[in-house]
Amino acid sequence: MPPAYPSEARRLHIEGKVIIHAIINQDGTVGELRVMRGQCPFAKEAVGAVKQWRFSLTLLNGTPVRVS
């Protein structure tokens with residue numbers, strides 16, 4: 001699910017971009033998240049959305065590994 005656009009930002013006609021660094025666990029879930037750049041109302045929504053995402057497994061010699 002994509003992040004929701006913050007109602008306050010919509011009301012004030014504010015746009016923004018959020019850059020997040022994520023560690024993806026061996027099972028495709030998000031392990032760690034860190035906001036690298038972005039404004040608070042957008043960052044909060046983006047982090048909430050990314051925490052729910054599931055990623056394809058990354059395999060190394062046939063074994064799932066954590067990736068950045």
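Below, each value reflects all heavy atoms present in this structure, side chains not excepted, and no hydrogens, waters or symmetry copies. Computed from a predicted structure; not experimentally measured.
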How far apart are the closest heavy atoms of [X] and [Y], and which atoms are they?
| X | Y | answer |
| --- | --- | --- |
| Gln52 | Arg54 | O-NH1, 3.3 Å |
| Glu45 | Pro3 | O-CB, 3.6 Å |
| Leu57 | Pro64 | CD1-CG, 4.3 Å |
| Ala49 | Pro2 | CB-C, 4.0 Å |

Inter- and intrachain pairs under ring-ring contact (aromatic ring centres under 6.0 Å, His included), touching residues 7-41, at least two apart = none
What residues, two or more places apart in sequence or in another chain, satisfy side chain to side chain donor-acceptor pair (under 3.5 Å) together with Thr58?
-> none
OG1/Thr29 to CZ/Arg66 distance, rounded to the nearest 0.5 angstrom?
-> 9.0 Å
Separation between CD1 (Ile19) and CE (Met36), nearest 0.5 Å, reads 8.5 Å
Got a sec, which hydrophobics cluster with Trp53, joining ILVMFWY side chains under 4.5 Å apart, including via others?
-> Tyr5, Leu12, Ile14, Val18, Ile20, Ile24, Val30, Leu33, Val35, Phe42, Val47, Val50, Phe55, Leu60, Val65, Val67
